[in-house]
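The sequence lines fix the lettering, A, B, ..., with proteins before strands; numbering per chain opens at 1. Bear in mind the structure is a predicted one, so any value in this text is a computation, not a measurement.
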There are 2 protein chains.
Amino acid sequence: MSNDSNQKGGGKSLFALQRRELLMDELRAHGAITVRDIAAKLGVSELTIRRDVNSLADGGLVSRVHGGATLRSPLDRTAVAGKPPAYSYAIGMVVPSLDYYWPQVISGAREEAEGQNLRIMVRGSAYDASDNRRQVQALLDTQNIDGLIVAPDMAGAPGRELLRWLNALPIPVVLAERRTPSDIPAHRLEWVATDHAFGAGMAVRHLWQEGHRAIGCLTDTSSPTSPHVVRGWQQAMAALNIPPENQFYGESAKLDNGERAQHFDDVLKRCQETGTTALLVHSDTQAVAFVQHCVDKGIEVPGDMAIVGYDDEVAYLAEPAISAVKPPKRYVGKVAVQLMAARLAEGRMRPVHRIQLNPELILRESSVGAQRTTHEP
Amino acid sequence: MSNDSNQKGGGKSLFALQRRELLMDELRAHGAITVRDIAAKLGVSELTIRRDVNSLADGGLVSRVHGGATLRSPLDRTAVAGKPPAYSYAIGMVVPSLDYYWPQVISGAREEAEGQNLRIMVRGSAYDASDNRRQVQALLDTQNIDGLIVAPDMAGAPGRELLRWLNALPIPVVLAERRTPSDIPAHRLEWVATDHAFGAGMAVRHLWQEGHRAIGCLTDTSSPTSPHVVRGWQQAMAALNIPPENQFYGESAKLDNGERAQHFDDVLKRCQETGTTALLVHSDTQAVAFVQHCVDKGIEVPGDMAIVGYDDEVAYLAEPAISAVKPPKRYVGKVAVQLMAARLAEGRMRPVHRIQLNPELILRESSVGAQRTTHEP
DNA sequence: TCCCATTTGTTCGACTTTGAACGTTTCAGT
DNA sequence: ACTGAAACGTTCAAAGTCGAACAAATGGGA
């Protein structure tokens, strides 16, 4: 009867809300507050703070104690047993593509958000730091978001500057499929990312077990993922003691059809020179085009050339179907939301989490040879 | 661990709820408490603690015993109906020490397990792969465990062999404060570990901001943590462009008192030679001894030599109190249990998670110089 | 502009928490 | 079993917190 006020749309004095936010901040920072201190700090009467605390306690956000409040504690038996807080946060999400890869990440995030009673607002951006920033700013300005999940472009100086800016935002930020470089002290940024190096290594080991002894790597340098794939490929090659002269490495930028055919011919020629019989192709879109090209030229897949794609977006569409490393995209979104929810609930006391997820290797026809072996990477 | 020093004028007493949480922590860490100890530790009367214990016992959270309390045991028949403690899963936990560092990890794990309705069985082990394996085997044989959390010794060939063995176990395994090396394909092992390199870097940047330009590192090579601390120190030194001739690096194994004094004298001499005015000392136990040594020799801390310890177990006890990097120990335990619970619930579809947590830098007297600067790492 | 709903402040008796004193209970060692 | 020491809990008092009732201030809409 008395709680649950300001519903009618009457005087929505922002000040009360601000006070409560501040109170929650203080609480998250120190774990507990006294009514007296907060009242003194804000220059309002203690009764006002008590009323704030009670209102927050009714919402299940804090535990009322004699003299103040603490973060909600399991020992607090006062609250309604059934329903933990009916409070909801809004999370902004900025991703670099709404066509490729990211829809599944968003879908995972949405699914998790629904369960956690959170709202998610997604914006697409370009693969470009300044546009990332513009989109984030738009969310901050127009929506009232409590947290941000973002997959920024981190290349070069603008990328670093963007990271610094994100790190300094007043709301928690979680990076998706990005990691903070160790030389920039972005100590507040949390992240979830697929361990692409592990995925590439898994592919290499699979091809090794299929009998290949010269395994190449063809990547798309326009993608932020590419360096990790290359690193994983190199590490695995080194661990398997494959000499450098049996290592073919090629790069492709975005090409249109004519150039692409030419480029693929070059790749095949260099494979022949180095004796390469298997390729890890980053971005399975490209893998599909490459397999197509091979088939057109009469090169048998996997007989003459085994292929493993990276991303598993469209790999199953090719003929023959392409084996691919499949990042746990939905889980990336899901875990990002979990991180954000936990951060919003626990505040600063919670240590910064940085999470890697391992991808999975999906075996299809393009890499499984005559004598099929068990697929233990 | 927490505050025993007053910040400003007013008295700093804990709220009843906080006291009870602390009491439960202590209980989870050690299995039992005495009223007297807790009262002394918190500086309140024994009667107050007794009242707390009774209240918790009424809630069915602890078992009263003469002189203190224990975790609620099945033997305790005192009332409390309607609480069927049907555990879902049993988790084994093997840690290398029950004195240092690990009690807090266990406490965090127990706390989380309680909420998730899991049972945890802890075994102490030696810092030694073969004993690790023996303890795990004992758990597998005698208890019927569904999952395993373990902090194995990973050094050398026996360590790798142990990892392979763990990876092949039929139950899920989560490593605590350990990571899988990238060259061994332990693809099923999940882990939670503190990012000690980050912690060391944070300490170095703090000392740099305090005006130090030659920052040394003294580590205890017997600890598995040590390499990460050294790596973080090196990276930070490189990032700050501190030339190698201003870098002192020393190692200490376990020494008894006579040798230790000699060793510390050597360290101080080499610091003088290299112009080192600040040291990061791994294992704060050692830092305490070192500060003691400095004080005995008339070397001012932080005036002549600034010190930051690593681990924050006993750093606050020294005179002057030692600044220290504090790993989020209870969260390590907590997150390990979360990982395990999610794995047991979701099965193989869930991708392998590998989580790093960032430590925190606690500033005390031993590193904060004349002109105090803001502590932005 | 005024009006009315909402929010904030003041006062003061009721209530909580804590600790000292002191009699009772429990436990371990004769 | 007996006994002394420690632990326990009842009672009471001091200190401080809580919130009902009412008064004052605030601010958005007619």
Side-chain angles (χ1 to χ4, degrees), chain A residues 1-24 26-27 30-59 61-70 73 75-79, chain B residues 3-4 6 8-24 26-27 30-59 61-70 73 75-79:
Chain A
M1 44 195 86
S2 61
N3 48 6
D4 250 16
S5 39
N6 42 334
Q7 280 289 63
K8 268 188 35 172
K12 186 158 283 185
S13 163
L14 283 185
F15 200 54
L17 278 182
Q18 290 174 315
R19 217 175 38 228
R20 285 169 200 189
E21 301 240 315
L22 206 145
L23 202 149
M24 287 302 290
E26 203 70 19
L27 208 43
H30 300 113
I33 53 171
T34 68
V35 168
R36 202 212 298 246
D37 289 353
I38 299 295
K41 184 164 187 165
L42 300 186
V44 298
S45 83
E46 299 190 1
L47 180 52
T48 302
I49 300 301
R50 259 181 233 124
R51 286 197 265 238
D52 287 341
V53 168
N54 284 341
S55 137
L56 291 170
D58 286 346
L61 287 165
V62 306
S63 289
R64 197 73 251 275
V65 296
H66 193 84
T70 70
S73 146
L75 301 180
D76 177 10
R77 291 290 156 89
T78 62
Chain B
N3 39 3
D4 54 352
N6 321 19
K8 46 181 88 170
K12 62 89 223 157
S13 58
L14 297 176
F15 292 125
L17 196 73
Q18 293 179 292
R19 224 174 30 229
R20 285 168 200 183
E21 285 201 345
L22 211 144
L23 201 150
M24 286 303 289
E26 206 68 22
L27 211 42
H30 301 119
I33 53 167
T34 70
V35 168
R36 187 202 285 249
D37 290 351
I38 299 295
K41 183 164 186 166
L42 299 185
V44 298
S45 82
E46 299 188 3
L47 178 53
T48 302
I49 300 302
R50 261 182 230 120
R51 286 198 264 237
D52 287 340
V53 169
N54 285 343
S55 142
L56 290 170
D58 286 348
L61 289 163
V62 306
S63 292
R64 280 252 51 189
V65 296
H66 193 81
T70 68
S73 90
L75 304 177
D76 181 6
R77 293 264 120 259
T78 53

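Close to C/dT18, at under 4.0 Å from its OP1 or OP2, lies no side-chain N or O of B/Ser45. In this model, the phosphate group of D/dG19 is not approached by any side-chain N or O of A/Arg50 to a distance below 4.0 Å at OP1 or OP2. In terms of phosphate contacts, A/Arg64 brings a side-chain nitrogen or oxygen within less than 4.0 Å of OP1 or OP2 of D/dC18.
In this entry the distance linking CD of B/Glu46 with C1' of C/dA20 reads 13 Å, nearest Å. For the pair B/Asp37 CG and D/dA7 C1', the computed distance is 14 Å after rounding to whole Å. When rounded to the nearest whole Å, the span between CD of B/Gln18 and P of C/dT18 equals 11 Å. As rounded to whole Å, 17 Å separates atom P of C/dT16 from atom CZ of B/Phe15. For A/Ile33 and D/dT17, the CD1 to P distance is 14 Å, given to the nearest whole Å. Counting to the nearest Å, the C1' atom of C/dT7 and the CG atom of A/Leu42 are 15 Å from each other. Computed from coordinates, the A/Ile49 CD1 to D/dG19 P distance equals 14 Å when rounded to whole Å. Note: CG (B/Asp52) to P (D/dG9) measures 13 Å, nearest angstrom.
A distance of 9.5 Å separates CD in B/Glu46 from CG in B/Asp37, rounded to the nearest 0.5 Å. Atoms CD and CD1, on A/Glu26 and A/Ile33 in that order, are 7.5 Å from each other to the nearest 0.5 Å.
The residue from B/Leu27, B/Thr48, B/Ile49 that alone fulfils the side chain to side chain contact (heavy atoms under 4.5 Å, CB included) condition with B/Ile38 is B/Ile49.
Closest to the A/His66 side chain, of the nucleotides D/dC18, D/dC8, C/dG19, is D/dC18. The side chain of B/Arg51 lies closest to C/dT18, out of D/dC8, C/dT18, D/dG19.
Side chains of B/Leu22 and B/Gln18 form no contact here, defined as non-hydrogen atoms less than 4.5 Å apart. Side chains of A/Val62 and A/Met24 form a contact here, defined as non-hydrogen atoms less than 4.5 Å apart.
Heavy-atom distances to DNA chain D give each of B/Gly67 and A/Leu47 a nearest nucleotide, and the one nearer the 5′ end belongs to B/Gly67.
B/Arg36 comes within 4.0 angstrom of the backbone, heavy atoms only, and of no base. Within 4.0 Å of B/Val53, counting heavy atoms only, lies no atom of the nucleic acid at all.
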